[in-house]
Amino acid sequence: MTQTHTPCCGPGYASPEAAMRADSEKLLYTTALYVGSDVQAPDYLATVDVDPQSPAYSRVIHRLPMPYLGDELHHFGWNACSSCHGDPGRSRRFLILPGIRSSRIYIVDTEEARAPRLHKVLEPEEIKAKTNLTAPHTVHCLADGQVMISMLGDGEGQGPGGFLLLDERFEIAGRWENQADGMRFNYDFWYQPRHNVMVSSEWGAPRTFYPGFDLADVAAGRYGRRIHFWDWQQRALVQSVDLGEEGLIPLELRFLHNPESTRGFVAAALSSNLWHWSRQNGDWQIQKVVDVPAVEVEGWPIPVPSLITDQLISMDDRYLYFSNWLHGDLRQYDIGDPLHPKLTGQVWCGGLLGKSGQVQGHTLRGGPQMLQLSLDGKRLYVTNSLFSTWDNQFYPDLNAAGSYLLQIDCDTERGGLAINADFYVDFGKEPEGPARAHEMRYPGGDCTSDIWI
Amino acid sequence: MSTYRVEMVNRDGQVLVVSAEQSILAAAEAAGIALPFGCRYGVCITCAARLIAGKVEHSRTVALKPEQLAADFVLLCVAHLRSDSRLQVGLESQWELYRNPWRPTI
Ligand code: FES
C-alpha cells in the first residue's frame, strides 16, 4: 500500500476519514507458527499478496523465520502509526513481534515491504531481569517513539503482569505503570489520548492459560472478568469494573476510531457477550449490548459457548465485526446506535456446529478467529488459529491441516458478508509443513493499529 | 557426575545420554535433536512427554495437573533423569493433555 507522503507528514493519516481514502492494501503480514504442532521449525512472519491484480494474489510470497524455535508468535504491532502523522521525522517501518510463549521480542524491519528482515532481538532473560515480566501480548506505539507491550505474567508465570516500555532504539526502558492496584490479570489495551485514558482487559496468568483451557480454572477464579480504566498521563489505574458472570474472559478492546469519542467495545470471550463503555459525568459506564447464546450440541453434556475471541470496528465507526471461534460464524453489526447493535451480516467459516461450507474445495477447519479489516471497510481478513494449546484441545485437526486465511467481502451500504471465493491462502501447504496463522497487519496501517492524538 | 541413558521410543529408539544436572530438553538440544518446547520453565506443557519406564525428578513442574502427573507425563524442560529411562516424545505423546471440556469424553 502506498501512503501519500507530503513533506509535512509522518506515518499514517491525518484522520480516520483520510485513512479510509487510502489506496487498498496490497500486502498483508501474518504470524505463522509451528509451536504446538508436530513440525519442529521456527515460527515465521509471512507476507501475503492481497493485490487482486497481481499474479501472486492470495499466495504467501515471503517468509521470515525467527532464529529460535518455540516462540509462539501471536500479536504484533508497529513502531509508529497515525499518532505520529504530524512528525515528518518518523516512519512506520519496524514491527514489534513478541513470542507469547518464549517471552522473546523481535524487532522486524519492513523497509523492503515484501521481504521484511530481522532487526533486533530482546531475549526473555533480559526482559525478566529488568522488569520481572513475561508473556508479551498487545503492542501499541505511544506517539513519542516509545512502544508499550502488555505483559501477561511475571517471571514465574503468575499474574497480574504489567506493561513493558521500549525506547526509541527498542531497548528496555522499564515498566509503564505507576499504580496498578486492583489489576488481577492482563491482556489487551488501547488508549484514547484526547480523553487521557487507557483501558485494559484480563485473560489469565500464563501458568493458567499456557497449558490449555480448563473449566476448573474458571470455577477457581483463575480467569479474568474485569475491565480497567487508567489515567494515561499518571499511568495509574483509576477505575476497575467487574463484569461478573456475564463478562468472563474479556479480551480484545476497541475504542471508536474517532479520537473525540469515549465509546468503545470489549467482547467477553467465555461468556460470549459484547459490552459497550463510555464516560458519563466523569465515570466509566459499561453495559452488555449483545448476547450470543450457547448452543446445545446433540450428545454433548453442556451447551457450547460461541467464544468471541476477536472483534474490531470499521474506520468510519459504523460497523463492528466479531468472530465466534467455537460456533464458527463471523458477524457484522451496525453500531450506529452503539447501545443497540444491529446484526447486519453473518457468515460461517468452520466451527464445531458443522454449518460451514467449503472454499475452493477446502473444508474450513478451526473457527474464525483473528480479524483485520481494510481501511475502506470492504475487505475483512480472517485466520482460524487461537493459541497452540487451545487449538489442540478444540480443533486438533489444525495440526495436520494448517490454517486458512480467508477474505470476506463486506457490504458497507446495506450490510452483509460473503466469502470471496477467489481468495484462499492455504497454510497447510507451507514448505516446512502445515502452519497456523494468527494476527494480520498491512504495511500502511489497519483498523487495529492506528490511534489519533 | 552421574549420567543416564534415555531411549526415545517414537524416535526410532534413539538414545540420548544425559547428565543428572541437565534437563532432558537441554541434553536433546545439545545432541542436535529437535523436541518441542515453549516457555522453558515448566509452565506451558509444549515440551510434555510420556515416561514409559524409569525415574525422573521434575519438582519444578507447574503446568501438569495431578491426574496428568499420575498418567506419567513429564515436562522435559524441567525434568532430570534419575535412572535410565524410556520416553515417548513430541506432540504424538501429548494428545491426552488436550481435551475439549464441552465434548463428551469417549
Ligand atoms: S517448555 Fe513450557 S513447560 Fe517445558
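Looking at A/Ser103, there are no atoms closer than 4.5 Å to chain B (heavy atoms on both sides), in backbone or side chain. At a 4.5 Å heavy-atom cutoff, the contact between A/Leu326 and chain B is made by side-chain atoms alone. At a 4.5 Å heavy-atom cutoff, A/Asp43 makes no contact with chain B through either its backbone or its side chain. No part of A/Asp71 comes within reach of chain B, as not one of its non-hydrogen atoms sits under 4.5 angstrom from that chain. In this structure, the portion of A/Thr134 lying under 4.5 Å from any heavy atom of chain B is its side chain and not its backbone.
Of the residues considered (A/Val297, A/Asn399, A/Val35), A/Asn399 shows the highest number of contacts with chain B, using heavy-atom pairs under 4.5 Å. When the candidates A/Gly157, A/Ala135, A/Pro211 are compared by the number of heavy-atom contacts under 4.5 Å with chain B, A/Pro211 comes out ahead. The most heavy-atom pairs under 4.5 Å with chain B, out of A/Phe213, A/Phe209, A/Trp390, come from A/Phe213.
Summarising the geometry, atom OH belonging to A/Tyr68 is positioned 9.5 Å from atom CZ belonging to B/Phe37; distances are rounded to the nearest 0.5 Å. If you take OH on B/Tyr98 and CG on A/Asp391, they are separated by 10.0 Å, rounding to the nearest 0.5 Å.
Close approach to chain A, defined as a heavy atom under 4.5 Å from one of its heavy atoms, is seen in B/Leu91, B/Trp95 of residues 79-95 of chain B, taken by number. Scanning residues 40-66 of chain B against chain A with a 4.5 Å heavy-atom cutoff picks out B/Tyr41, B/Val43, B/Cys44, B/Ile45, B/Thr46, B/Val62, B/Ala63, B/Lys65, ordered by number.
Residues that satisfy the side chain to side chain contact (heavy atoms under 4.5 Å, CB included) test with A/Glu296, not counting sequence neighbours, are A/Pro303. Residues that satisfy the side chain to side chain contact (heavy atoms under 4.5 Å, CB included) test with A/Ala401, not counting sequence neighbours, are A/Arg365.
Atom CD of A/Gln40 sits in a crowded spot, with more than 12 heavy atoms from other residues, nucleotides or ligands closer than 6.0 Å.
The minimum heavy-atom distance between B/Pro101 and A/Leu215, with the atom names listed, is CB-CD1, 3.8 Å.
When side chains are defined from C-beta on, A/Trp300 counts as touching B/Asn100, because their heavy atoms get closer than 4.5 Å.
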